[in-house]
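Structure, as structure tokens:
Lettering follows sequence order; numbering is per chain, from 1.
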Amino acid sequence: MLRSVQRKYAAPLKSQALNQKLNRLVAAARTPRMASTSSGQQSRSILWFRKGLRLHDNPALRDACTGSAAVFPIFIIDPYFLQKANYKVGVNRYQFLLESLTDLNSSLIGLGSQLLVLRGTPEEVLPKVLRDWGIKKLCYEIDTEPYAKVRDSRVDDMAREAGVEVKKHWSHTLYDTDMLVRENKGKAPLTMQAFEKLVDRVGQPLAPLPAPTARLPPVDVSLPGIKDTEVGVPTWQEMGYKEAPTSIFKGGETEALKRLEHYMKDTKWVASFEKPSTDPTAFIEPATTVLSPYLKFGCLSARLFHQRLLDVYRLHPKHSQPPMSLRGQLLWREFFYTLGSHTPNFDRISGNPICRQITWDSNPELFKAWRDGATGYPWIDAAMTQLREWGWMHHLARHAVACFLTRGDLYLSWESGKEVFEELLIDADFFINSANWMWLSASAFFAQYFRVYSPITFGKKYDKDGAYIRKFLPVLKDMPAKYIYEPWTAPREVQQRANCIIGRDYPAPIVDHAAASKECIARMGAAYKATNTGGAAKASPAKAAPSGDASTSAAAEAPPKKKATGKRAASTDQDNKRQKTLEETVTRKKGGKKEAGK
DNA sequence: AGGCGGTTGGATCG
DNA sequence: CGATCCAACCGCCT
């Protein structure tokens, strides 16, 4: 490890000449032809916001404004994202979106424009407004998620039929990820190392565009469907949510830029940042930047973040390196976007050529306990509670709960875990979420399935007294530190003094980790022998028999598609009476962002 | 065919 | 705190 770090330190970002050449080429290709006012004065354009909820580094915005007498910035409230059976969005992420829209609207108003929030499916809404408003040009940011690809190709067809020019721009990712794949002989890299090499070869991303400062072409409010009452940003209640949002993070470009600058100011911290050594239990101030939700919605441009990092690295030549550095985090995002948008069924096991076809158990009771933070392991349950309340938890906390659900303890499918994250995380991102679940379940990318996180000792390593647990599981707030990670081991009188009886006020553990993890490792070994990824069938099934002792009866993996229903060690009753205190009063003690150690 | 590296394991030893 | 074991995976590179 040390050696590889040193090797990478010695090889800084290279091929500047190539970078600059590429930058010039692409910049030239997308420079608006300002001069041609030929189609000019009468022309009306739509700027369609989907992600990319910002004014800075927004090439679609610049394009829409170029040569247009009127520009209509729209956002469409697509019912698709509210269909519960399809793609659940929890109230915290929806609220984050609404806040982002509100912020975007204020910024647009400041430039003499405004955001028009339209209701309906894009396929219905767009043809109507293209016609009603006499639109000549439709501009938007490219989105490579499967749903967006289908939606946009339909919209493109409709626009073409209506004689409307469609202009699409790459600005959600650092690069045109299709170009990266082309540059890699048409194949998306499967390892981070290979991806880093590819990126090094291609050169630096384009410099971000500045936000416009001059007034934008106006919205023609006399046209049909643009009364204030029809185009305002709705509330979460109007979107049909029954429970109020509880996240502490506020959406919007303004907030994103503030957060970015706050973290970039501490240049030593930025330069020494190494993700694996950040503290998952820090909660007064999280140990990482929490810029992910802003990147997800495009409140923050990845290219701006990247540029600001390079600025800091120039001040600190001995800065940390990918994959662990902050820049490395952006490259992980880019890697998963690139691979994910070129892999079918990336969010599923079935039909996913990079995903190992493991037959996981099905057990609704265990799954529910995990989802609801009622496993009886306080570290796991606190993390799941933070997820539900804040819509965010540290990356390593995600590791811990994902490992617990899948290969570590419960042996349940990563797909169901992914769906819970997809609902609850404010930064839930199609490609990144799926990729990380495959990673943690050792279904792709990662194969050392015998490295299992302990639901007891992992959190303890960072937070001996359990402040994180006390914060998110107040029912355990008076449990002595000695027992807080394993409260079932506390003597009865200790439980009584702490006002927390295990099995009554807080659940007993649903599995015995020592036994469960041992069994899981054995089953993973068998699964690895018996299965392959969803792609080409590799070799023969080999012997599927567990090698060692008869640690598990169900060790031999059935071929894909078969459902095993083996259940786990005795699951105790989980009557949890613990109250959720969604509103916590002022947080106290401990925290501050930690310097990344080494 | 074999060695190496792999963003983030745990327990135990010194 | 660092090394070693645990049991031993994968893809990639040579």
Could you summarise the pairing of DNA chain B as dot-bracket text, marking Watson-Crick and G-U pairs under 3.5 Å with ( ) or [ ] inside the strand and | across strands?
||||||..||||||
With sugar-phosphate meaning primed atoms plus P, OP1 and OP2, does A:Lys460 contact a base, only sugar-phosphate, or nothing at under 4.0 Å between heavy atoms?
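No contact.
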Once you apply a heavy-atom cut-off of 4.0 Å, does A:Phe458 come out as touching a base, just sugar-phosphate, or nothing?
sugar-phosphate
Would a distance-only check, ignoring hydrogens and angles, find a side-chain to backbone donor-acceptor pair under 3.5 Å from A:Asp176 to A:Asp178?
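Pair found, side chain donor or acceptor close to backbone of A:Asp178.
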Under the 5.5 Å and 30° test, is A:Phe446 stacked on the base of C:dC10?
no
Taking atom types as modelled, find out whether [X] and [Y] have a side-chain donor-acceptor pair closer than 3.5 angstrom.
| X | Y | value |
| --- | --- | --- |
| A:Asp57 | A:Ser301 | yes |
| A:Asp427 | A:Tyr294 | no |
| A:Ser272 | A:His319 | no |
| A:Asn436 | A:His399 | no |
| A:Tyr468 | A:Gln386 | yes |

Can you see if the side chain of A:Gln193 gets near the phosphate of C:dC12 - specifically, an N or O under 4.0 Å from OP1 or OP2?
no
Contact under 4.0 Å: A:Lys461 side-chain N or O vs B:dG10 OP1/OP2
yes
Begin with the C-alpha distance, continue with both residues' side-chain angles, and end with the deciding distance and a verdict on side chain to side chain contact (heavy atoms under 4.5 Å, CB included) for A:Lys418 and A:Glu422.
CA-CA 6 Å; A:Lys418 184 216 64 174; A:Glu422 196 164 86; 4.1 Å; yes
Which nucleotide in [options] has an atom nearest any side-chain atom of [X]:
| X | options | result |
| --- | --- | --- |
| A:Trp332 | B:dT7, C:dA8, C:dC12 | B:dT7 |
| A:Ala447 | C:dC13, C:dC9, C:dC12 | C:dC9 |
| A:Thr191 | C:dC13, C:dC12, C:dA8 | C:dC12 |
| A:Arg451 | B:dT8, C:dC9, B:dT7 | B:dT8 |

Do the ring planes of A:Trp370 and A:Phe421 sit parallel (below 30°), tilted (30 to 60°) or perpendicular (above 60°)?
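Rings of A:Trp370 and A:Phe421: parallel, as their planes differ by under 30°.
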Protein-nucleotide distance ([X], atom [atom1]; [N], atom [atom2]), rounded to Å:
| X | N | atom1 | atom2 | result |
| --- | --- | --- | --- | --- |
| A:Ile358 | C:dC9 | CD1 | P | 14 Å |
| A:Trp439 | B:dT7 | CH2 | P | 5 Å |
| A:Lys529 | C:dA8 | NZ | P | 7 Å |

Would A:Phe431 and A:Tyr337 count as a ring pair (Phe, Tyr, Trp, His ring centres under 6.0 Å) if you check the C-alpha gap in whole Å, the side-chain angles of each, and the deciding distance to 0.1 Å?
CA-CA 6 Å; A:Phe431 297 122; A:Tyr337 264 82; 5.2 Å; yes
Taking only nitrogen or oxygen atoms into account, show me every contact under 3.5 Å that the protein makes with nucleotides 11-14 of chain B, one pair per line with its distance.
| from | atom 1 | to | atom 2 | distance (Å) |
| --- | --- | --- | --- | --- |
| B:dA11 | OP2 | A:Thr457 | OG1 | 3.3 |

